[in-house]
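The next block holds one structure in the form of structure tokens; read it before the comments.
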Amino acid sequence: MRILLLASAFNSLTQRVFTELVDRGHAVAVELAATTGPGTEAEAVRRHAPDLVLAPMLTSVLPPEVFSAVPCLIVHPGPPGDRGPSALDRALADGVDTWGVTVLQAEAELDAGPVWASAAFPVPAGLGKSDVYRGELADAAVAAVLSAVRRFSSGAGPLPGDPGASGPGWRPYLRQEDRRIDWFTEPTESVLRTLRAADSRPGVLDTLLGAEWYLHGGHREDTLRGLPGEVVATRDGALCRATVDGAVWIPELRARRRPQGPPTWRLPATTALGERLPADVPEVPAPLWPRAGDADRTWADIRYDEDGSAGFLRFSFPGGAMSTDQCRRLLAAYRYARTRPTDVLVLGPARDFFSNGIHLGVIEAAEDPAAESWANIRAIDDLVEAVVTTTDRLVVSALPGNAAAGGVMLALAADEVWCREGAVLNPHYRLMGLTGSELWTYLLPRRVGAEAARRLTRAALPLSAASAHRAGLVDRVVEATPAGFASEVARLAVRLTRSAHLPARVAEKKALRERDEAVRRLADHRAEELAAMRRTFLDPRAPYHALRSAFVRKARPAATPEHLARYTTAGYAPSRVSDL
């Protein structure tokens with residue numbers, strides 16, 4: 001079928017639905033809703049002439065002239081009968097343990113059309129909204145979308161009866177007034193629920209150190225204490241704020257936008273606070289390798305652990321972006337992991353994003369963005385090079401969630417790439433006006449061949465885990481839930497350490513690295529890539545600067561990018577067999 005995706009943004013869920021539909025043989029195009037004003041969606045439908053319109057993520061109301069012209073199915077992040085714009089926020093704020101996704105037909109009354117499919121999913125305790133959205137909710141949404149598309153293509157029509165008759169009904173937008181935290185009365189658990197229900201957007205508006213901020217993210221701290229609301233410590237860019245019975249870590253802040261002022265964006269909390277942060281607030285580090293049970297008592301964005309001769313270096317950075325500081329700290333942790341007597345080293349988070357490369361938000365906020373861009377790209381290059389040159393053990397990249405740009409290349413630096421079946425990969429740079437670094441000119445052709453590498457980087461389209469596996473970017477697709485991925489990876493890694501072929505594989509990789517170095521040195525790949533990147537960073541007229549600014553400020557594009565607005569069919573992802 002010809003399916004048009006109408007979305008407010010080509011976000012993680014839209015990309016996931018796009019890749020899953022293309023993988024199943026549908027011709028799929030994307031239009032970003034309301035990019036140029038009224039009538040945009042209707043004109044897009046006339047131009048594309050789709051059999052079906054799907055809206056995986058829509059923050060605006062679909063005009064009647066669209067859903068009266070062609071069947072339109074809306075993905076609502078709530079179970080049948082739930083209606084309203086803050087469905088997942090309210091679910092997490094209420095502390096539910098099960099939630100759902102509904103695919104319903106667009107009609108004049110919002111979220112009240114016939115139901116075509118629905119799927120329930122568990123809500124693990126202690127997670128933020130964005131993590132659940134990209135994990136459990138996305139898995140359920142894909143299952144419901146595929147079911148609805150099958151029903152539509154077969155002519156079966158919507159589900160019979162009224163599946164939403166017993167649902168929670170209409171619930172209004174969750175306003176900041178409803179999210180307000182009273183630090184002097186609310187216990188830690190209540191504070192965490194509020195923070196987690198708004199962790200990516202919109203955040204929780206609060207007053208801190210003489211200014212108004214949106215708080216983003218929340219993690220429990222069980223040992224530090226202080227006066228309620230007081231900043232009692234910092235750690236790796238995050239701040240620890242006391243509650244009436246404990247404390248919470250808040251990784252990011254966003255300054256409240258001033259009237260008529262420019263948009264603001266999320267930053268590491270200490271970076272956002274700058275000189276407002278009192279000098280006497282201590283930096284309290286967390287152990288890289290905590291004792292059993294201690295990891296649950298405090299927050300850290302980098303952890304190390306072992307199981308037999310398998311080492312696990314886990315990291316989790318908000319939004320998958322990696323600043324200069326984060327890259328350097330992860331490199332130091334990686335170097336430590338290399339000193340351990342392990343046979344297999346697994347690199348990757350327990351869940352959610354793997355990496356999206358350099359931190360455009362921190363770069364944009366820097367006094368000299370060009371200099372910070374240069375520092376950030378060299379820091380992530382150092383990390384990638386350390387992984388590539390590890391020849392005394394097998395290194396595995398484990399991707400529980402999405403990766404993009406330099407984050408994909410970081411994954412490819414390992415000997416094996418294991419990817420959860422729900423992950424989406426974007427192995428390209430050009431949409432940010434960059435030629436790319438992270439040794440991509442070595443790593444990507446090594447995996448898929450030179451011609452396929454060119455196709456992937458020029459297409460600038462997302463790949464599902466299955467397509468990435470077919471292309472040769474991924475060695476193993478791990479069938480696991482978001483919550484079960486880490487334990488499955490641990491099981492597979494321990495099994496790999498017991499393989500009789502492991503010593504031979506390590507010897508083979510060392511010999512291959514030496515042969516590749518004799519053909520062309522890594523230093524030459526790196527120097528050539530960095531020279532091009534430096535020219536871009538230092539050129540104030542380079543598109544990168546405007547694209548970066550628009551990205552971090554979430555500026556609405558004037559029109560849907562051309563590469564999305566044309567129909568994509570199965571086969572856009574190169575096959576390793578045909579391209580090598």
Side-chain angles (χ1 to χ4, degrees), residues 124-128 131 135 187-193 195-196 199 216-228 230-252 268-270 281-318 322 325-342 344-354 396 398 400 482-491 493-494 497:
L127 297 181
D131 192 339
T188 299
E189 189 57 40
S190 174
V191 172
L192 286 172
R193 279 203 306 271
L195 290 171
R196 289 165 176 167
D199 70 340
H216 293 274
H219 305 275
R220 183 185 301 278
E221 165 61 45
D222 285 346
T223 58
L224 297 173
R225 294 291 185 270
L227 296 175
E230 178 187 26
V231 177
V232 296
T234 61
R235 176 180 297 155
D236 299 328
L239 61 86
C240 185
R241 201 167 179 191
T243 64
V244 294
D245 62 347
V248 297
W249 288 97
I250 301 171
E252 294 183 312
T270 57
V281 174
E283 174 78 4
V284 180
L288 176 62
W289 190 1
R291 294 174 298 178
D294 282 355
D296 297 330
R297 297 169 59 82
T298 192
W299 166 86
D301 56 6
I302 302 174
R303 293 284 197 197
Y304 180 75
D305 195 9
E306 288 180 3
D307 186 346
S309 64
F312 300 89
L313 182 56
R314 298 188 174 98
F315 55 92
S316 180
F317 303 129
M322 298 170 64
D325 173 69
Q326 288 165 330
C327 290
R328 289 172 177 168
R329 289 192 293 108
L330 185 54
L331 174 59
Y334 184 83
R335 286 171 172 163
Y336 169 78
R338 284 184 56 176
T339 68
R340 297 294 304 159
T342 57
V344 173
L345 176 56
V346 179
L347 180 67
R351 51 178 297 144
D352 204 14
F353 282 119
F354 180 79
V396 174
F485 178 78
S487 60
E488 179 62 11
V489 164
R491 185 187 69 82
V494 170
T497 65

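One is the number of the first residue; the rest follow in order along the sequence.
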Q: May I ask you to test the Gln326-Phe315 pair for a side-chain heavy-atom distance under 4.5 Å?
A: no
Q) For atom CZ of Arg335, is the number of surrounding heavy atoms from other residues, nucleotides or ligands below 6.0 Å larger than 12? A) no
**Q.** salt bridge (Lys or Arg N to Asp or Glu O under 4.0 Å) involving Glu488 - partner list, sequence neighbours excluded
**A.** Arg491
Q: Please report the closest heavy-atom contact between Thr342 and Ala337, naming both atoms and the distance.
A: OG1-O, 4.5 Å
Q: Please round to the nearest 0.5 Å and tell me the distance separating atom CG of Leu239 and atom CD1 of Ile250.
A: 5.0 Å
Q) With a 4.5 Å heavy-atom cut-off, do Tyr334 and Leu345 have their side chains touching? A) yes
Q: Measure across Arg196 and Gly126 and return the closest heavy-atom pair with its distance rounded to 0.1 Å.
A: NH1-CA, 3.2 Å
Q: Classify the angle between the aromatic ring planes of Trp249 and Trp299 as parallel (below 30°), tilted (30 to 60°) or perpendicular (above 60°).
A: tilted
Q) When you check the gap from the basic side-chain N to the acidic O, do Glu221 and Arg241 get nearer than 4.0 Å? A) no
Q: Would you name the heavy atoms of Arg225 and Val232 that are closest together and state the gap between them?
A: O-CG1, 3.6 Å
**Q.** Heavy-atom pair with the smallest gap, counting every atom of Ala350 and Ala486
**A.** O-CB, 3.9 Å
Q. Do Arg328 and Asp325 come close enough that some side-chain heavy atom pair is under 4.5 Å?
A. no
(Q) Looking at every non-hydrogen atom in both residues, tell me the closest pair between Leu195 and Gly218 and how far apart they are. (A) CD1-CA, 4.0 Å
Q: Looking only at non-hydrogen atoms, find the nearest pair between Val346 and Ala493 and report the distance.
A: CG2-CB, 3.7 Å
(Q) I want to check something: taking the side chain as every heavy atom from C-beta on, are Trp289 and Asp305 in contact at a cut-off of under 4.5 Å? (A) yes
(Q) Rounded to the nearest 0.5 Å, what separates atom CG in Asp131 from atom CG in Asp199? (A) 8.0 Å
Q: Answer yes or no: is there a side-chain heavy-atom contact under 4.5 Å between Leu127 and Arg351?
A: yes
Q) Between Arg220, Arg235, His219, which is the residue that forms a side-chain hydrogen bond (donor to acceptor under 3.5 Å, both in side chains) with Thr298? A) Arg235
Q) Under 3.5 Å, is there a donor-acceptor pair between the side chain of Thr497 and the main chain of Val494? A) yes
Q.
Ring centroids only, cut at 6.0 angstrom: are Phe317 and Phe354 within range, meaning strictly under it?
A. no
Q) Going from CG on Leu288 to CG on Leu313, what distance comes out if it is rounded to the nearest 0.5 angstrom? A) 7.0 Å
